[in-house]
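Shown next, in structure tokens, is the structure this report addresses.
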Amino acid sequence: MTDTAELQRGAGGFDRSLLMAPAVEVAPLLLGAIIRKGEVAVRVTEVEAYMGSIDPGSHAFRGRTNRNQVMFGEPGHLYTYFTYGMHTCANVVCAPEGTASGLLLRAGEVIEGEDAARARRPKAASHAGLARGPGNFAQALGITLDDGGCDLAVGPVTLHVDEPASEYLTGPRTGVSGAGGTHEYPWRFWLPGDPTVSPYRAAVSRKR
DNA sequence: ATTAAGATCAACT
DNA sequence: GTTGATCTTAATG
């Protein structure tokens, strides 16, 4: 691409109007897109769509709460949440204001700032494993709860979209308990054959 | 104020 | 295949 195209992209690099659609329609656009924070940049290879009020797997299924309010806001912002006592997960907000929809960033390939990513993920064995899995993805980039609500056109976390993936596969979502995790909701999207894509796992039931 | 569950990961058998 | 680590959030009393 040309220098002027780079310049026009500026800090963020996406057309917000393209995100004014339900997450399942936006998913192919995010596959292959770049998420950057500071010196680390990741090429997205796997996402999951969450569809608000019609989706039993979504945090927004039972309406607006303090945690999920950014999903009801303007698309192109970052929704972060903390789970399992130790992991931050990051989503790109989709659909117009008032409609809660988002895409969970599940896996990607670190294409810039690998040293910084490795410093944050000392246990990662391989290059492909640096940003595999939603918790690891956020950790490799250094995304925390404080980044929640950030406008991806402005930063500190930015999104850079090129064009929609021409080929991708879909399947049931990983780790989603209850009805939302079944094949009735095949809302996981990934790039075929990419080594950074996380393996499928059914939701585990906790012992009591 | 208290509690139970969770859009997970890594280590272990 | 199974399990412990760890803490925010939302629901309940």
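Any value given below was found using the heavy atoms of this structure, including those in side chains, with hydrogens, waters and symmetry copies removed. Bear in mind that the values here come from a model prediction, so they are computed numbers and not experimental data. Proteins get letters first, then strands, A, B, ... in listed order; numbering begins at 1 in each.
- Nucleotide B:dT8 holds its P atom 16 Å from the CG atom of A:Leu145, rounded to whole Å.
- Between the C1' atom of B:dT8 and the CZ atom of A:Arg106 lies a distance of 9 Å, rounded to the nearest Å.
- Which of B:dG6, B:dC9, C:dT6 sits closest to the side chain of A:Met86 comes down to C:dT6.
- Taking atom CZ of residue A:Arg62 and atom C1' of nucleotide B:dG6, one finds them 13 Å apart after rounding to whole Å.
- Rounding to whole angstrom units, CZ of residue A:Phe82 and P of B:dC9 are separated by 13 Å.
- Across all strands shown, C:dT12 is found opposite B:dA1 as a Watson-Crick or G-U wobble partner, with both distances under 3.5 Å.
- By the rule that hydrophobic residues join a cluster once side-chain heavy atoms approach within less than 4.5 Å of another member, A:Tyr50 and A:Leu159 end up as members of separate clusters.
- Here C:dT6 sits opposite no nucleotide as a Watson-Crick or G-U wobble pair (both hydrogen-bonding atom distances under 3.5 Å).
- The residue among A:Arg67 and A:Gly85 whose nearest nucleotide of DNA chain C lies closer to the 5′ end is A:Gly85.
- Among the heavy atoms of the strands lying under 4.0 Å from A:Asn136 are primed sugar atoms or P, OP1, OP2 only; no base atom is included.
- Between A:His87 atom NE2 and C:dA5 atom C1' the separation is 9 Å, expressed in whole Å.
- Between A:Pro164 and the choices A:Leu18, A:Leu29, A:Leu30, the side-chain contact (heavy atoms from CB on, under 4.5 Å) rule is met once, by A:Leu29.
- Between the NE2 atom of A:His59 and the P atom of C:dT9 there is a distance of 11 Å, given to the nearest Å.
- In the set B:dT8, C:dC7, B:dA10, B:dA10 carries the atom at the smallest distance from any side-chain atom of A:Arg121.
- Here A:Thr65 reaches the OP1 or OP2 of C:dA10: one of its side-chain N or O atoms lies under 4.0 Å away.
- Residue contacts for A:Met71: at a heavy-atom cut-off of 4.0 Å it reaches a base atom on one of the strands shown.
- The pair A:Arg43-A:Asp162 does not meet the salt-bridge criterion, since no charged nitrogen lies less than 4.0 angstrom from a carboxylate oxygen.
- Residue A:Gln69 qualifies as enclosed at atom CD: its count of foreign heavy atoms under 6.0 Å is above 12.
- What separates OH of A:Tyr81 from P of B:dT8 is a distance of 6 Å, to the nearest Å.
- Nearest-nucleotide positions on DNA chain B for A:Gly133 and A:Ser177 put A:Ser177 closer to the 5' end.
- Ring-plane geometry between A:Tyr168 and A:Phe189 is classed as tilted, the angle between the planes lying from 30 to 60 degrees on a 0 to 90 degree scale.
- With hydrogens and angles left out, the side chain of A:Tyr84 and the base of B:dA7 share no donor-acceptor pair within 3.5 Å.
- Atom pair A:Gln69:CD and C:dT9:P shows a separation of 11 Å (rounding to whole Å applied).
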